[in-house]
Amino acid sequence: MVVGMSPIEHRVAGDGVSLCVFEWGADQRGRDDTLLLAHATGFHARCWDQVIARLPGRHVLAVDERGHGRSEGEPPADWRMFGRDLAAVARAFELRDAIGVGHSMGGHATVEAAAAEPARFRRLVLIDPVIGPPEAYVVGSRARFADMPHPTARRRARWASAAEMVARFRDRPPFDAWDAAVLRDYCEYGLLPDPAGDGFVLACDPAFEADVYMAALENAGVHDSVAAVTQPVLVVRAMAPPTLRDMMDFRYSPTWPGLAAAFRHGREIHLPEATHFVPMEDPAGVARYILEG
């Protein structure tokens, strides 16, 4: 197990919301490229702790995206809002030539932020980003499936402790394949005191998480942002779903296989044996992708 330094916690104004941003290595700022990390739907900034612990001596910022962790926020109309929030963080910290790193929905947001604020990013590392083929995006798709609640809305929201959550998940897929320290961080920092009484509640409310997934195909403009990104981009793609029905299984990659080629300067690393949870299963490998670009 690798244990990282305790970060500094900041509050930053996002796109109409207050965002929580964690900072590691503040004394290293300006000595090398800052790393700006964005997490997946339903996760939080501290899920990056074990990756960051393998990046000693670097200035790192990790964001609790709107409605996640310790950040405020109503459900987004579309995922472009996450990109605007991330761009606001880059401006607040006056970043220049940062390395933008995003997992899953965080990869989508990183592309939007880099297209909006190109001078603030030198290169991007997208870990199995949720960006589908252009034809997958349909305005109004959220309303079309309004009577079919996303299954994440049924997540258990209340827990006695982080230890109870770890014990419940550690032998269940997909968590059984995760690095044990990442699972601990996911549970420990993913809970907040229950305002209704004893115990804890998920920092990302299950109904909010479900709403985010329902908005996933509303942002057709993400492909305009892909085309606008001029920085080098590394796309790390996990195993493909065997059938269309398997797309709802979170273990499989949601990334369009043509994505890397759609960037002006994109390249791909395909991990056909890895699940979508690459940073949770292999934090050391993700740290290498970030350093090597």
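Heavy atoms only: backbone and side chains are in, while hydrogens, waters and symmetry mates are out. Bear in mind that the values here come from a model prediction, so they are computed numbers and not experimental data.
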Could you check whether any side-chain N or O of [X] sits under 3.5 Å from a backbone N or O of [Y], counting only pairs where one atom can act as donor and the other as acceptor?
X	Y	answer
Ser104	Gly106	no
His223	Ala262	no
His68	Arg66	yes

Taking side-chain hydrogen bond (donor to acceptor under 3.5 Å, both in side chains) as the definition, give me every residue that meets it alongside [X], ordered by chain and number, with sequence neighbours left out.
X	result
Arg96	none
Asp97	none
His59	Glu23, Thr34
Tyr189	Arg46

Determine the minimum heavy-atom distance between [X] and [Y], stating which atoms define it.
X	Y	answer
Tyr137	Ala216	CE2-O, 3.6 Å
Phe208	Pro76	CZ-CD, 4.4 Å
Val182	Pro279	CG2-O, 4.3 Å
Asp15	Met81	OD2-CE, 4.4 Å
Phe169	Cys187	CD1-SG, 4.4 Å

Who passes side-chain contact (heavy atoms from CB on, under 4.5 Å) against [X], sequence neighbours left out?
X	answer
Cys47	Phe43, His44, Tyr186, Met280
Ala260	Val235, Glu268
Pro257	Arg237

- Residue pair Ser71, Glu65: steps toward the side chain to side chain donor-acceptor pair (under 3.5 Å) verdict: CA-CA 6 Å; Ser71 290; Glu65 306 200 44; over 6 Å; no
- Message: Please determine whether ring pair (Phe, Tyr, Trp, His ring centres under 6.0 Å) holds for the pair His103 and His39, giving the CA-CA distance in whole Å, both sets of side-chain angles, and the decisive distance to 0.1 Å.
- Response: CA-CA 5 Å; His103 172 223; His39 62 77; 9.3 Å; no
- Query: Distance from Ile269 atom CD1 to Leu126 atom CG, nearest 0.5 Å?
  - Reply: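 So the gap between those two atoms works out to 11.5 Å.
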- In this structure, CD of Glu281 is separated from CG of Leu271 (nearest 0.5 Å) by 10.0 Å
- Message: With side chain to side chain donor-acceptor pair (under 3.5 Å) as the rule and sequence neighbours excluded, what pairs involving residues 120-135 come up?
- Response: Asp33-Arg122, Glu117-Arg120, Asp128-Ser253, Asp128-Thr255, Asp128-His276
- Message: According to side chain to side chain donor-acceptor pair (under 3.5 Å), does anything in residues 224-235 pair up with another residue at least two apart or in another chain? List the pairs.
- Response: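 Pairs touching residues 224-235 that pass the test: Glu112-Ser225.
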- Query: Between His10 and Phe22, does the ring centre distance come in under 6.0 Å?
  - Reply: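 Here the rings of Phe22 and His10 have centres that are no less than 6.0 Å from each other.
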- Item | Passing candidate, side chain to side chain contact (heavy atoms under 4.5 Å, CB included) with Leu86, options Leu61, Leu36, Val111, Leu37 |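 It is Leu36; the other options fail the test.
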- Query: Does anything in residues 164-178 pair up under salt bridge (Lys or Arg N to Asp or Glu O under 4.0 Å), and if so which pairs, sequence neighbours excluded?
  - Reply: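 Counting only pairs at least two positions apart or across chains, the salt bridge (Lys or Arg N to Asp or Glu O under 4.0 Å) contacts touching residues 164-178 are Arg156-Glu164.
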- Could you name each residue pair satisfying ring pair (Phe, Tyr, Trp, His ring centres under 6.0 Å) that touches residues 104-129, not counting sequence neighbours?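 Every pair satisfying ring pair (Phe, Tyr, Trp, His ring centres under 6.0 Å) with a residue in residues 104-129: Trp79-His108.
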- Message: If only side-chain N and O atoms count, and only distance matters, is there a donor-acceptor pair under 3.5 Å linking Gln50 with Asp179?
- Response: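 There is no such pair between these side chains.
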Kindly list each side-chain donor-acceptor pair under 3.5 angstrom involving residues 284-293, sequence neighbours excluded, with atom names and distances?
none

